[in-house]
Protein chains: 2
Amino acid sequence: MRLLPQPAIEDIQLTEVLHALADPARLEVVVKLATEVELTCRGVGEAIGLHKSTLSHHYRVLRDAGVVSTRQEGRQKFMTLRKGDLDDRFPGLLDSVIGAAG
Amino acid sequence: MRLLPQPAIEDIQLTEVLHALADPARLEVVVKLATEVELTCRGVGEAIGLHKSTLSHHYRVLRDAGVVSTRQEGRQKFMTLRKGDLDDRFPGLLDSVIGAAG
DNA sequence: CGTATAGTTGGATTGTTGTCAAACCTTCCA
DNA sequence: TGGAAGGTTTGACAACAATCCAACTATACG
């Protein structure tokens with residue numbers, strides 16, 4: 001039930017978010033999270049076809065940028081989009097990206 | 001009055017656009033273009049404080065991604081945001097990015 | 001306790017990016 | 001015709017990024 005470290009809302013940087021979203025694999029993760037509400041890392045990465053360590057790297061980029069939140073429960077980690085936080089900070093951005101990608 | 005080569009609307013890729021916007025210098029250029037309608041490369045780059053060849057490189061990235069359009073007139077080049085094209089292809093994206101950055 | 005499961009970390013590799021400097025190309029103008 | 005002005009290209013370089021593999025940690029289960 002532990003929450004992994006993540007930037008505070010006011011520390012989320014636009015260029016970092018854009019960079020995080022500018023990778024096809026990460027964008028796919030985000031689109032998946034937008035429809036599925038919450039997923040384990042395994043669940044998110046299953047369809048993408050990358051090595052699990054590569055995916056772990058992408059999850060970290062997304063988390064460090066403030067795009068996703070990760071909660072550990074037992075040996076699984078559940079990720080959610082920080083949609084509310086992002087909407088507060090950069091109104092409309094996430095929706096337009098997800099709309100454009102999906 | 002020559003228009004420099006640029007991708008067709010349907011060839012504009014979301015990840016490329018995001019990548020183009022994910023650099024602070026390029027984002028500054030875009031924000032400037034959003035308020036000024038049209039500017040020469042010199043005019044855009046003046047406030048940014050980078051070498052002109054570096055700026056030229058950034059202009060190219062923006063143009064290749066489909067974010068800006070460049071028109072040559074005499075020895076100057078005027079850049080404009082491809083706002084209409086981007087709005088058609090990725091509705092709301094540009095506005096939210098500019099709003100967040102500006 | 002031993003083993004499987006879920007993810008992370010470190011190293012290696014390969015490729016991309018941001019930056020500058022110097023040389024270059026075009027166009028204008030005196 | 002010879003500069004000057006406005007950009008581009010090329011080369012160099014350091015920093016970063018995406019990927020894989022192998023080794024690791026931590027939790028759960030039998």
Side-chain angles (χ1 to χ4, degrees), chain A residues 1-6 13-30 32-33 36 38-80, chain B residues 1-6 13-30 32-33 36 38-80:
Chain A
M1 205 128 77
R2 187 167 51 102
L3 192 68
L4 267 60
Q6 62 182 32
Q13 298 302 318
L14 178 59
T15 49
E16 271 189 66
V17 170
L18 292 172
H19 171 253
L21 297 173
D23 177 272
R26 288 193 293 260
L27 189 54
E28 206 175 330
V29 168
V30 168
K32 219 171 185 46
L33 285 174
E36 304 276 340
E38 176 175 79
L39 278 169
T40 66
C41 291
R42 185 164 175 56
V44 177
E46 227 152 36
I48 294 181
L50 289 174
H51 197 276
K52 64 176 183 169
S53 65
T54 305
L55 289 169
S56 181
H57 159 70
H58 287 313
Y59 300 149
R60 186 186 223 295
V61 172
L62 287 169
R63 190 170 57 241
D64 286 354
V67 176
V68 305
S69 191
T70 307
R71 176 174 53 85
Q72 181 158 13
E73 204 154 311
R75 58 188 156 177
Q76 322 206 55
K77 291 185 179 173
F78 293 89
M79 284 190 298
T80 52
Chain B
M1 207 135 70
R2 189 167 48 102
L3 192 68
L4 267 60
Q6 62 180 32
Q13 299 300 317
L14 177 59
T15 50
E16 272 188 65
V17 171
L18 292 173
H19 172 252
L21 298 174
D23 178 90
R26 288 193 294 262
L27 189 55
E28 205 175 331
V29 169
V30 168
K32 218 170 184 49
L33 284 174
E36 304 276 340
E38 176 175 78
L39 278 169
T40 65
C41 291
R42 184 162 174 57
V44 177
E46 228 153 35
I48 294 183
L50 288 174
H51 197 276
K52 62 178 183 170
S53 65
T54 305
L55 288 169
S56 181
H57 158 70
H58 287 314
Y59 300 149
R60 188 186 222 296
V61 172
L62 287 169
R63 189 169 59 242
D64 286 354
V67 176
V68 305
S69 191
T70 308
R71 177 174 51 85
Q72 180 157 15
E73 204 155 312
R75 57 187 155 176
Q76 323 207 54
K77 293 186 176 169
F78 293 89
M79 284 191 298
T80 53

Within the structure provided, determine whether B/H58 and B/V29 are in side-chain contact (heavy-atom separation under 4.5 Å). no
With hydrogens left out and only the distance checked, is there a donor-acceptor pair under 3.5 Å joining B/K77's side chain and the base of D/dG7? no
In terms of heavy-atom contacts, B/T15 and A/A22 come closest through CB-O, 3.6 Å
Atom-to-atom span, CG of B/L4 to C1' of D/dG7 - whole angstrom: 10 Å
Of residues 56-66 of chain A, the positions that come close to DNA chain D - non-hydrogen atoms, cut-off under 4.0 Å: A/H57, A/H58
Are side-chain heavy atoms of B/E36 and B/M79 found at a separation under 4.5 Å? no
Length of the line joining B/D23:CG and D/dC16:P, which is rounded to integer Å: 13 Å
Kindly indicate whether the side chain of B/R26, heavy atoms from C-beta on, has any atom under 4.5 Å from the side chain of B/V30. no
Got more than 12 heavy atoms from elsewhere within 6.0 Å of CZ, B/R71? yes
If you compare all heavy atoms of A/V67 against all heavy atoms of A/V17, which two are closest, and at what distance to 0.1 Å? CG2-CG1, 4.1 Å
Side chains of A/Q72 and A/R2: donor-acceptor distance under 3.5 Å anywhere? yes
Using atom types as modelled, flag every donor-acceptor pair under 3.5 Å from a side chain in residues 40-50 of chain A to any protein atom, sequence neighbours excluded.
from, atom 1, to, atom 2, distance (Å)
A/T40, OG1, A/G43, N, 2.9

Between D/dG6 (C1') and B/K52 (NZ): distance, integer Å: 7 Å
Categorize A/R26 for me: base, sugar-phosphate, or nothing, with a 4.0 angstrom heavy-atom threshold over every strand shown. sugar-phosphate
Measure CD/A/Q72 against P/D/dT27 and give the value in whole Å, please. 7 Å
D/dT19, D/dA22, D/dA18: which one has an atom nearest the side-chain heavy atoms of A/S53? D/dA22
Search all heavy atoms of A/T70 against all heavy atoms of A/Q6 and return the closest pair with its distance. N-OE1, 4.3 Å
Rounded interatomic separation in angstrom, taking CG from B/L55 and P from D/dT9: 14 Å
Toward the 5' end of DNA chain D, which comes first, B/C41 or A/G49, by nearest nucleotide? B/C41
Mind checking which nucleotides bracket the chain B contacts on DNA chain C, 5' to 3', with an atom under 4.0 Å from a heavy atom? C/dT17 to C/dC28
Rounded to whole angstrom units, what separation is found between the CZ atom of B/R75 and the P atom of D/dG7? 10 Å
